[in-house]
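Below is one structure, written out as C-alpha cells; the observations come after it.
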Amino acid sequence: MRMNCRIRGIQYHFQKHNYENDLPIVVFLHGFMGSGDIFKRLINTCKEYCNPITIDLLGHGKSEGAELHYRFSLKEQIADIIKLIQEQVFSPVFLYGYSMGARLALSLAIEKSNLLQGLILESGTFGIEVEAERQARQALDGARADQIIGNFDNFLNEWQKMDLFKYDIKDNDLKKIQKNQNPYWMANSLLGFGTGTMPLLRDKLTTMVIPTLLITGEFDSKFTRINQVMKKELPTADLIILPESGHRVHSNSYFEIAEHLKLFIEKYQL
C-alpha cells in the first residue's frame, strides 16, 4: 500500500508492504539519489517474517523536497522520521538504513532509542574524524551540487562510474530511479546532509545499548574498515561482511541479508 502524509510541512511518500498484525515492523531508509524502491528484491524476500515499510526520504523519490538546503540537515530529517514513525508506523520498530539512510538511522537511534527494537546499518559510517578531511568533503559536495544543477545527466554518468560502486551489479531500475530525481533537491540534499556536514558520532557509540547489526560487502574495503571500528565501539553490535558484494549489499546479496535479518529479528523482537 503506497501512502502519503504531511510531516512538518513536507509531503512524504511511504509504502507498507505487509499487514500481518503479529509480525514485527522494519522501516527501511535508502541512500542518496535512491527511493524506497531500491529495496524491492530484499523486501520481497523478507516480508514473510516482517512487515517492511519503505520511506522515500526528503526530496527523494515521490517525497517533496525544500527550497533551502538547511531543511535537509540531519536535525531536520531526524525530526521528520521520528514524527512519521510515531504518527504513521507506530513503534517500537526495527530500523534499517543504507549509506545515507544508515547515517540518518544511526543518528536517530542515538537521539530516540525508545522508538527502536533494533538497528541495522548497511554500508554506514559514524562521520569523518579528521577536520581537514571533513572540510575537503564539504567542498567536494558543494562542487557536486553545482554540477547537479549545471548538468544533471553528466553528474549521473560520473556518479554511476565511481569506484565506490564498481563491484555492484548493474541495476537498470536504480538508474531509472536516479534519473527521475529532482536535481535541485539532490543538490540541496548534498549541501544539507552530505557526509561532510554529518556530526562526528564516534564518541556516542559506546553509550548505545540498542541491538545493532552492521552489514558491509567484502569488496567495499573503506566501509568495511569503518564498520570494524564501529563494532568495537558499539556494546551490542554484530558485523556481517558479505562475500562478492560491494557498497550496495542489498542489491548484490539481498537473499543473504534477508537470512541475517531474520535471525536478528528473532533474537531481539520484543
Side-chain angles (χ1 to χ4, degrees), residues 1-5 12-58 60-63 80-81 84-85 88-106 108-109 115-124 165 168-178 180-181 211-217 240 242 244-269:
M1 179 184 297
R2 293 185 177 273
M3 306 175 70
N4 294 307
C5 63
Y12 270 87
H13 177 81
F14 64 101
Q15 184 172 359
K16 295 183 177 181
H17 299 263
N18 221 23
Y19 316 102
E20 301 294 334
N21 290 332
D22 58 339
L23 294 181
I25 296 172
V26 182
V27 176
F28 289 82
L29 307 181
H30 60 79
F32 177 61
M33 286 201 302
S35 74
D37 290 339
I38 70 165
F39 295 113
K40 179 172 62 176
R41 296 179 184 88
L42 177 56
I43 295 299
N44 288 337
T45 308
C46 74
K47 63 183 181 182
E48 66 181 49
Y49 59 78
C50 69
N51 292 318
I53 296 177
T54 52
I55 300 173
D56 287 2
L57 295 176
L58 182 66
H60 289 72
K62 294 181 174 65
S63 289
D80 289 350
I81 301 303
L84 194 154
I85 290 174
Q88 301 293 331
V89 179
F90 309 114
S91 59
V93 303
F94 289 90
L95 185 62
Y96 186 115
Y98 157 68
S99 197
M100 181 185 77
R103 294 191 284 116
L104 180 58
L106 175 61
L108 188 152
L115 285 183
L116 308 182
Q117 293 187 57
L119 178 67
I120 305 96
L121 304 178
E122 175 194 339
S123 303
F165 307 121
D168 296 326
I169 63 172
K170 304 302 180 184
D171 190 333
N172 290 328
D173 290 339
L174 175 60
K175 288 184 177 181
K176 184 176 180 181
I177 290 169
Q178 292 175 337
N180 288 336
Q181 302 289 356
T212 304
L213 179 63
L214 306 173
I215 300 171
T216 65
I240 304 298
L242 290 174
E244 299 183 4
S245 287
H247 191 67
R248 300 186 183 112
V249 194
H250 61 270
S251 182
N252 296 62
S253 303
Y254 61 90
F255 182 81
E256 289 81 359
I257 288 181
E259 290 296 307
H260 287 292
L261 183 58
K262 181 181 181 180
L263 294 173
F264 181 74
I265 290 174
E266 288 174 348
K267 183 176 182 179
Y268 293 110
Q269 182 180 359

Residues forming a ring-ring contact (aromatic ring centres under 6.0 Å, His included) with His30, sequence neighbours excluded: His60

CD (Glu244) with more than 12 external heavy atoms under 6.0 Å: no

Rounded distance (nearest 0.5 Å) linking atom CD1 of Ile120 with atom CZ of Phe94: 6.5 Å

Evaluation steps, side chain to side chain contact (heavy atoms under 4.5 Å, CB included), between Leu57 and Ile81: CA-CA 9 Å; Leu57 295 176; Ile81 301 303; 3.9 Å; yes

Test item: Leu242 and Ile215 side chains (from C-beta on) under 4.5 Å apart, heavy atoms: yes

Closest approach of Leu121 to Ala105 (non-hydrogen atoms, all atoms of both residues): CD2-CB, 3.9 Å

Trace of the side chain to side chain contact (heavy atoms under 4.5 Å, CB included) decision for Phe14 with Cys5: CA-CA 8 Å; Phe14 64 101; Cys5 63; 3.6 Å; yes

Straight-line distance of Leu104 CG to Ser99 OG, nearest 0.5 Å: 11.5 Å

Minimum heavy-atom distance Pro52-Ile43, with the two atoms named: CB-CD1, 3.4 Å

Whether Gln178 side chain and Met33 backbone form a donor-acceptor pair below 3.5 Å: no

Check against side chain to side chain contact (heavy atoms under 4.5 Å, CB included), Val93 and Leu116: CA-CA 5 Å; Val93 303; Leu116 308 182; 3.8 Å; yes

Could you tabulate the donor-acceptor pairs under 3.5 Å formed by side-chain atoms of residues 18-29, not counting sequence neighbours?
from  : atom 1 : to    : atom 2 : distance (Å)
Asn18 : ND2    : Lys47 : O      : 2.6
Asn18 : ND2    : Cys50 : O      : 3.2
Tyr19 : OH     : Met1  : N      : 2.5
Tyr19 : OH     : Lys16 : O      : 3.0

Atom pair CZ/OG1 of Phe39 and Thr54 - distance to nearest 0.5 Å: 8.5 Å

Salt bridge (Lys or Arg N to Asp or Glu O under 4.0 Å) against Arg103, all qualifying residues, sequence neighbours excluded: none

Residue list, side-chain hydrogen bond (donor to acceptor under 3.5 Å, both in side chains) with His13, at least two apart or on another chain: Arg2, Asn4

Closest heavy-atom pair and its distance - Arg248, Asp168: N-OD1, 3.1 Å

Residue list, side-chain hydrogen bond (donor to acceptor under 3.5 Å, both in side chains) with Asn252, at least two apart or on another chain: none

With sequence neighbours excluded, residues passing salt bridge (Lys or Arg N to Asp or Glu O under 4.0 Å) with Asp171: Arg41

Residues forming a side-chain hydrogen bond (donor to acceptor under 3.5 Å, both in side chains) with Asp173, sequence neighbours excluded: Lys40

Minimum heavy-atom distance Ser123-His247, with the two atoms named: OG-O, 2.7 Å

Distance in Å, Thr212 OG1 paired with Leu119 CG, rounded so as to fall on 0.5 Å steps: 4.5 Å

Donor-acceptor under 3.5 Å (Glu122 side chain, Gly97 main chain): no

Atom pairs and distances, side-chain donor-acceptor, residues 253-268, under 3.5 Å, sequence neighbours left out:
from   : atom 1 : to     : atom 2 : distance (Å)
Ser253 : OG     : Ser245 : OG     : 2.3

Residues in side-chain hydrogen bond (donor to acceptor under 3.5 Å, both in side chains) contact with Tyr98, at least two apart in sequence or another chain: none

